[in-house]
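This report concerns only the one structure given below.
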Amino acid sequence: MQPIATIDFLSRPDAARSAVGGRRLYIETYGCQMNVNDSEIVAALLMERGYGLVDRPEEADVVLINTCSIRERAEERVRHRLQYFRSLKRNGRPGMIIGILGCMAERLKRRLLEEEQLVDVVAGPDAYRDLPRLIEEASETGQAAVNVLLSREETYADIAPVRLGSNGVTAFVSIMRGCDNFCSFCVVPFTRGRERSRPVESILAEVEQLLQAGYREVTLLGQNVNSYRYGEVTFAELLYRVSLLDENLRVRFSTSHPKDMSNELIAVIAERPNVCKYIHLPVQSGSTRVLERMRRTYTREQYLELIERIRSRIPDVGLSTDVIAGFCGETEEDHQQTLSLLEHVRFDMAYMFMYSEREGTYAAKYLRDDVPPEVKRRRLEEIIALQNRISQENHRAKIGSVQTVLVEQTSKRSEQEWMGRADNGMVVVFPKGDYRPGQYVDVLIEEATSATLRGRPLGLRERLGAPPLRQVGEPALLT
Ligand code: SAH
Ligand code: SF4
Ligand code: F3S
């Protein structure tokens, strides 16, 4: 799962208007894409009850903060933010309800009430249907209301998420919840509970609705999407079925665990023109010894073989990964192995972290967090420096190629440029011309940094399956 920075949900003007007379709700989200989608589910559940969204906590009657526990730093940020919400409440807003949702709520449970006074509602990831009641209870009694029960069934399959802060082009669709892998460093199996897959029909129905609303790309989400299973339907089958709904709907997915990347799945990615040729495949470490202690269930060699298998079937595939520096017992030699794996695979992008011990995990109980912080930091810096160079080289190698870009929104850097993604996941910006969000545009790449491609639009692409446009009078490299 790709971790992302804070997302402040911008509510839509129509939602704000619907707040008139109803209670005003503000939601702030931290953590992964699954949390983003969960906040959309929470918004749907509460708007159904007459709540209206507002943009600023200062204007809200109910402030919800959807939290992440993956690393200590993630929790610190949330605590900091809570202090601010509490100051609002103390300074003239005594009736305001502050609720903590998500992974931190689940991890700390009632402890949160002692540690964070003035929190009124604590709701874990499987308790969101109970939120209207919890908020009522807290308002009426003045006492904190808590529900952190995890479920074996809840998938919120019947809830149509309210697409908060959406660009109207790309959307997240959760297909499963929880994780049963218990990697020794990871808190997710404890905060999200057991793995469960959402019914196929409800996923297809949600994607159909998105298509009707004009969306052009969906990202199927789960902590480990390739262990999706509903009856006889595997992830490969689900991906195939979603891709058949509309030939011009792009389909992405996140995250894949290397242990169950089947040949069938690789074949679907290779063969379906609208399934993006991009795989986020977290490796965590390049050392088999470390991988074993991480309980990742694959070796360095198996990971490298998998990469070969993917590349032989999908030559131009975009690849990204997650890496942890300084896990328990990691030696200098282990670290060198991680660097050499990065050199060897040459990912287009990576999310890189220092190991952060999480209470209750296997590593916290049975392994020693013995790599000194300054060594962790130095190793992380080496990993980042190497990966930045590789990302830059990979992006530069696309100069001269034509990439099919789905236009998402105005570029953050310039009002005159669109931003979108190439099929392989790379970010592309180009001059707006007469193009619009939701269109596929073939772009000739002319410049590159380690994170972005910049180019010149050649024209509209009517159909994803068709060959890309060429530049008139010039043979363009087709990739
Ligand atoms: N389910 C995904 C990962 C979700 S968490 C997968 O298995 O691929 C996202 C990333 O956070 C992980 O891939 C890992 O690199 C990082 N991470 C998880 N726990 C961590 C910890 N305790 N310290 C540092 N990084 C961690
Ligand atoms: Fe955490 Fe491992 Fe599950 Fe990913 S697969 S969420 S790293 S336990
Ligand atoms: Fe996601 Fe963070 Fe929870 S990464 S699953 S919000 S611990």
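In listed order, ligands and their atoms are each counted from 1.
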Applying a strict 4.0 Å limit to heavy atoms, is Arg296 in contact with ligand 2? yes

Regarding [X] and [Y], is there a side-chain donor-to-acceptor distance under 3.5 Å anywhere?
X      : Y      : result
Thr29  : Ser39  : yes
Ser151 : Arg129 : no
Thr331 : Asp334 : yes
Ser320 : Tyr278 : yes
Arg23  : Ser139 : yes

Under 4.0 Å to a heavy atom of [X] - the qualifying atoms of ligand 2, by number:
X      : result
Phe182 : 8 (S)
His257 : 5 (S)
Gln223 : 6 (S)
Cys179 : 3 (Fe), 5 (S), 6 (S), 8 (S)
Pro189 : 8 (S)

Tell me the contacting part of [X] for ligand 2: side chain, backbone, both, or neither, using a 4.0 Å heavy-atom threshold, strictly below.
X      : result
Phe185 : side chain
Asn224 : neither
Cys183 : both

Please identify which atoms of ligand 1 are closer than 4.0 Å to at least one heavy atom of Tyr355. 22 (N), 23 (N), 24 (C)

Can the positive tip of Arg295 be found less than 6.0 Å from the middle of the six-membered ring of Tyr362, inside 45° of the ring normal? yes

Test: Arg77 cationic atom under 6.0 Å from Tyr30 six-membered ring centre, within 45° of axis: no

Contact region, Met34 to ligand 3, non-hydrogen atoms below 4.0 Å, reads neither

Is the Tyr298 ring parallel, tilted or perpendicular to the Tyr303 ring (thresholds 30°, 60°)? tilted

Under 3.5 Å donor-acceptor, Lys277 side chain and Val275 backbone: yes

Part of Lys376 within contact of ligand 1 (heavy atoms, under 4.0 Å): neither

Proximal ligand 3 atoms for Gln223, defined as those under 4.0 Å from one of its heavy atoms: 1 (Fe), 5 (S)

Under 4.0 Å from one or more heavy atoms of Cys68, ligand 3 contributes atoms 2 (Fe), 4 (S), 6 (S), 7 (S)

Examine Cys103 and say whether one of its N/O/S atoms is closer to atom 1 (Fe) of ligand 3 than 2.8 Å. no

Judged by heavy atoms only, the candidate from His280, His257, Arg71, Met34 nearest atom 26 (C) of ligand 1 is Arg71

